[in-house]
Participant: 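Pasting a structure here, questions to come.
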Amino acid sequence: MKNIVSVVLILSMLTIFVNDSFGQVRKRTISKTAKKEKTVKDDDGNDFIDKTYGELRFGNLGFFNGLSLSSKLNVGYKFHERFSVGGGMKIFFNQFVVQNAPDPSLTDLGGFVLARGKITEQIYAQAEYAFMNYQYYDNFGSKISKSANSPLIGLGYMSGLGKWKFGIELLYIVNEQARDYQNSIVEYWFGASYNF
């Protein structure tokens, strides 16, 4: 009988101490009012920061008979998990090799607005409208600047873990004048997206 009482007392004390030790390790919960004060919410009660995204891309590379580099930076807002709008800027740099003369260069700069719809979690369709200022050389060797606005349409693919995604985007330049100035039919971009 004495052994049974001792075992019951030991088990009771272990149960009390184990529960007390779990209480020390458990995560403290934050009240709903404290959570609301910490973040800015939109009309639907969603966190505004979680609905925005940012992207940095590089593309349209060329290394033969000169150098071609381009970059594109944009931000956007997700109205829905599958639909977003945004805007940004892009720059194209071209330098040409000329024998026994200085190598001329051109810089095209502009901005754009975009609408994006996700087809799957990785594949999306995108429409852009670009406002570009192009530079080119005329027949007399003078550098000329011209503006041309153009819609672009295409597809993209993004993959990755967590908030960062990496992928590729291919856009068809609809305006023929913009294709002539840019000396290309499509734009292709590689890059990273945060909160895609």
Side-chain angles (χ1 to χ4, degrees), residues 38-64 66-95 105-135 145-196:
K38 279 186 161 184
T39 59
V40 177
K41 306 281 183 175
D42 63 9
D43 294 338
D44 297 331
N46 298 316
D47 190 358
F48 179 78
I49 299 298
D50 286 342
K51 293 188 140 242
T52 59
Y53 63 88
E55 297 174 340
L56 177 61
R57 298 177 186 270
F58 299 95
N60 309 291
L61 303 172
F63 302 104
F64 303 104
L67 174 66
S68 297
L69 297 170
S70 56
S71 183
K72 175 177 173 181
L73 176 69
N74 63 282
V75 295
Y77 182 78
K78 297 185 268 189
F79 285 102
H80 183 269
E81 189 57 36
R82 298 236 177 241
F83 180 74
S84 63
V85 296
M89 63 179 293
K90 51 187 166 181
I91 184 169
F92 297 85
F93 175 79
N94 297 296
Q95 186 172 23
S105 64
L106 301 171
T107 304
D108 305 330
L109 183 64
F112 63 94
V113 293
L114 68 90
R116 177 182 294 167
K118 286 186 183 176
I119 300 167
T120 67
E121 285 301 314
Q122 290 85 24
I123 299 171
Y124 61 91
Q126 183 163 303
E128 284 185 12
Y129 195 81
F131 311 93
M132 294 295 298
N133 185 25
Y134 295 101
Q135 291 183 336
S145 291
K146 290 278 186 179
S147 295
N149 302 336
S150 174
L152 295 92
I153 53 172
L155 295 171
Y157 174 80
M158 287 295 222
S159 179
L161 298 172
K163 295 275 189 185
W164 286 99
K165 308 280 190 230
F166 302 91
I168 185 169
E169 185 175 275
L170 184 66
L171 299 170
Y172 173 71
I173 305 167
V174 176
N175 185 324
E176 186 176 349
Q177 186 182 27
R179 288 196 304 257
D180 291 344
Y181 289 149
Q182 202 163 319
N183 199 23
S184 179
I185 296 173
V186 296
E187 291 181 5
Y188 64 91
W189 303 95
F190 303 96
S193 178
Y194 182 75
N195 202 22
F196 173 75

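Not measured: the values here are computed from a predicted model.
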Participant: So, using ring pair (Phe, Tyr, Trp, His ring centres under 6.0 Å) as the criterion, who are the partners of Y53 when residues are at least two apart?
Facilitator: none
Participant: How about F196 and R116: do any of their side-chain heavy atoms sit closer than 4.5 Å?
Facilitator: yes
Participant: Would the distance check show the side chain of K51 and the main-chain N or O of K78 forming a donor-acceptor pair, the cut-off being under 3.5 Å?
Facilitator: yes
Participant: Side chains of residues 148-155: which donor-acceptor pairs under 3.5 Å do they make with residues two or more places apart or in other chains?
Facilitator:
residue : atom : partner : partner atom : Å
S150    : OG   : N175    : N            : 3.2

Participant: Do you know the tightest heavy-atom contact between E121 and K118?
Facilitator: OE1-NZ, 4.4 Å
Participant: Given Q177 and Q182, is the side-chain contact (heavy atoms from CB on, under 4.5 Å) satisfied, shown in steps?
Facilitator: CA-CA 9 Å; Q177 186 182 27; Q182 202 163 319; over 6 Å; no
Participant: Which pair of heavy atoms, one from A178 and one from I173, lies closest together, and at what distance?
Facilitator: CB-CG2, 4.0 Å
Participant: Which pairs would a plain distance check flag for residues 157-166, meaning a side-chain donor or acceptor within less than 3.5 Å of a matching protein atom at least two apart in sequence or in another chain?
Facilitator:
residue : atom : partner : partner atom : Å
K163    : NZ   : N195    : OD1          : 3.4
K165    : NZ   : G160    : O            : 3.2
K165    : NZ   : G162    : O            : 3.0

Participant: Nearest 0.5 Å please: distance from the CD atom of Q126 over to the CG atom of L114.
Facilitator: 4.5 Å
Participant: Would you compute the distance between atom OH of Y134 and atom OG of S147 and round it to the nearest 0.5 angstrom?
Facilitator: 9.5 Å
Participant: Atom CZ in F112, atom OH in Y129: separation rounded to 0.5 Å?
Facilitator: 14.5 Å
Participant: Working to the nearest 0.5 angstrom, can you tell me the gap between L61 CG and W189 CH2?
Facilitator: 9.5 Å
Participant: So, taking the atom named CE in M132 and the one named CE in M89, what distance separates them when rounded to the nearest 0.5 Å?
Facilitator: 9.5 Å
Participant: What salt bridge (Lys or Arg N to Asp or Glu O under 4.0 Å) pairs are there with at least one residue in residues 171-193, not counting sequence neighbours?
Facilitator: K90-E187
Participant: List for me each residue that meets side-chain contact (heavy atoms from CB on, under 4.5 Å) alongside F190, sequence neighbours excluded, and say none if there are none.
Facilitator: I168, Y188
Participant: Scan residues 66-76 for pairs that pass side chain to side chain donor-acceptor pair (under 3.5 Å), counting only residues two or more places apart or in two chains.
Facilitator: E55-N74, N60-S70, S68-N94, K72-E128, K72-E169
Participant: Nearest 0.5 Å, please: how far is CG in N183 from CZ in F92?
Facilitator: 12.0 Å
Participant: Under a 4.5 Å cut-off applied to non-hydrogen side-chain atoms, are I91 and F93 in contact?
Facilitator: no
